[in-house]
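Have a look at the structure below before the remarks.
No hydrogens, no waters, no symmetry mates; every other heavy atom, side chains included, goes into these values. Each ligand, and each atom within it, is numbered from 1 in the order the structure gives.
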Amino acid sequence: MSAAGVSREPSSSRDVEVLIVGAGFGGIAAAIELRTHGITDVAILEKAPDLGGTWFYNSYPGAACDVPSHLYSFSYAQRRDWSRLCSPQEEIHAYLHDIARTHEVDRLVRTNTAVTACAWDQERCRWIVETAQGETYSAGALILATGQLHQPARPRVEGAETFAGHSFHSAEWDHACALAGKRVAVIGTGASAVQFIPEIAPVVERLTIFQRSGNWFMPRKNRSYPALLRAAIRSLPGVQELRRKFVFQYTESLTLAIRHPRTIGRAAGARSASFMRSQLKDPQLREKAWPDYTFGCKRILFSSHYLPALERANVELVTDAIARITPTGIVTEHGTEHELDCVIWATGFKTNDFMFPMRIVGADGLELEDYWSGGAHAHLGMCMPGFPSMFVMYGPNTNTSGGSILVYLEAQAAYIRQALQHVRARGTGAIEVLPEVEAASDRALQARFAGTAWLECDSWYRNENGRIVANWPGYMREYLEQTRQLDAREYHFVAAAKPATVMSA
Ligand code: NAP
């Protein structure tokens, strides 16, 4: 066993029924769902030394989920002892460890194993999976659960490599680097930055924040639950369930605001603006920090601590674009040089890359990179024609701007399990979505973005052509409805025996 308590050897052999790539919430959810339904020949390959995915990597100060824990948890593994509304990273990571252990899927995880390529072997009706460690796996089904937020993005800035001080990305926080008394820069002001800036601002000598876009904020103090509320949640039947239902509806109301930017969105934006005005007293600072796009177009940020941190004497908000980085600091377009000891990149993730640079080759040599050349798309975010018995979790168009990704992941795990049950029940080799089904569902999905706030600015939800590839355009309940029951008529089944023949559903 590793120090983190995760087995380094999968219990199954290198030929498995189902191979899962990624041991974050998606991969663990899939493994639990399959195991619970009698599909036990499963292995999970994880590149990190521990399970956890984003909750393993993102350990920056103040890291927490901005979705309340009563919803950011699986329906079958509810807790009554969350320490606060939105749990800190360690608590969420411990939760994932705990449910993986309880459902005995932690021992299926093979850590420090990075998948480099997956290719469909038509003759054998199996996926052949290669790892950077030189191993080869074969599997009847492949679940890619690498998510959208696992590859840190560091924008190219002239001279960045010449910087003589220390620098790191927020998702690779260098805990050995003492920031006390240092002149520190943060590049980026997204969801990660606004969580750690209030934590480090009181510690550093000077904090220079380079902002490209302002954000819309909503209040959230996220203090520890008072003892009385904790006791009520713990002891009174129904309180925890009620909170989950309430949070579900509240987050659906955020989607409502995003879907209707001229009406509900305007009212929600006014609420945000009033909160922001109350937090930012200095008119110049307020003008600098103010967003210039429609409320809800980018992620709405919940923090009562970030904007006040900007008013500290040792903090400067810079809105001049960065021109270059020198050995001693950052020079902006207006020629001001900011001398620095440390640069923290809070510039997000390569979200459009999904599982790439992994190479995925489907039937007849079809490269996923080519299939997605105009932008990623998949039926319900999971299935693509030409890639039999391959499923993506937290795939294209399944990100949520307000809801809980765990609600989506739980639904996806159940849907994939149904797909594999169909394969078993029919004695076929693989299941593959019909091309016309995937094309029609993609057209319908993209059409639903019309008139929404998501189309009113540039964001990481879109690719270079402006197509929204990250987000689901509707409500969580709609995704749950559409994934509840797999319709076998939307798929064809590939016979296991050689030569592969296609049978209609
Ligand atoms: P992000 O939201 O993508 O923010 C990246 C920041 O870097 C933005 O302010 C962006 O500005 C800026 N930036 C990017 N390229 C830049 C460049 N070349 N020059 C200057 N600034 C640049 O990344 P993140 O904060 O890591 O969050 C990513 C996602 O992770 C979130 O949207 C959310 O889904 C998730 N997350 C969730 C939580 C949670 O509590 N649930 C916490 C953290 C993260 P622009 O806005 O102008 O692009």
field: Which residues share a ring pair (Phe, Tyr, Trp, His ring centres under 6.0 Å) with Phe391, sequence neighbours left out
entry: none
- request: Say whether His334 and Asp320, considering side chains only, have a donor N or O and an acceptor N or O under 3.5 Å apart.
  value: yes
- request: For side chain to side chain contact (heavy atoms under 4.5 Å, CB included), just list the numbers for His97 and Asp106, CA-CA rounded to whole Å, side-chain angles, deciding distance to a tenth of an Å, and then say yes or no.
  value: CA-CA 7 Å; His97 259 288; Asp106 55 344; 5.8 Å; no
message: For ligand 1, give me the residues whose heavy-atom distance to it is below 4.0 Å, by chain and number please.
response: Tyr60, Ala64, Cys65, Asp66, Leu149, Pro155, Gly188, Thr189, Gly190, Ala191, Ser192, Gln195, Arg212, Ser213, Lys298, Arg299, Ala346, Thr347, Gly348, Phe349, Trp460
task: List the steps and the verdict of side chain to side chain donor-acceptor pair (under 3.5 Å) for Ser224 and Arg84.
output: CA-CA 5 Å; Ser224 296; Arg84 57 189 72 210; 3.0 Å; yes
Table please: side-chain donor-acceptor pairs of residues 297-310 below 3.5 Å, with sequence neighbours left out.
from   : atom 1 : to     : atom 2 : distance (Å)
Lys298 : NZ     : Ser213 : OG     : 3.2
Arg299 : NE     : Asp66  : OD2    : 3.2
Arg299 : NH2    : Asp66  : OD1    : 2.6
Arg299 : NH2    : Asp66  : OD2    : 3.2
Ser303 : OG     : His305 : N      : 3.0
Ser303 : OG     : Tyr306 : N      : 3.0
Ser304 : OG     : Arg220 : N      : 2.7
Ser304 : OG     : Arg220 : O      : 3.3
His305 : NE2    : Lys221 : O      : 3.0

Donor-acceptor pairs are to be reported for all side-chain atoms of residues 179-186 against protein atoms at under 3.5 Å, with residues two or more places apart or in another chain.
from   : atom 1 : to     : atom 2 : distance (Å)
Lys182 : NZ     : Ala178 : O      : 2.6
Arg183 : NE     : Asp341 : OD2    : 3.2
Arg183 : NH1    : Glu339 : OE1    : 3.4
Arg183 : NH2    : Asp341 : OD1    : 2.8

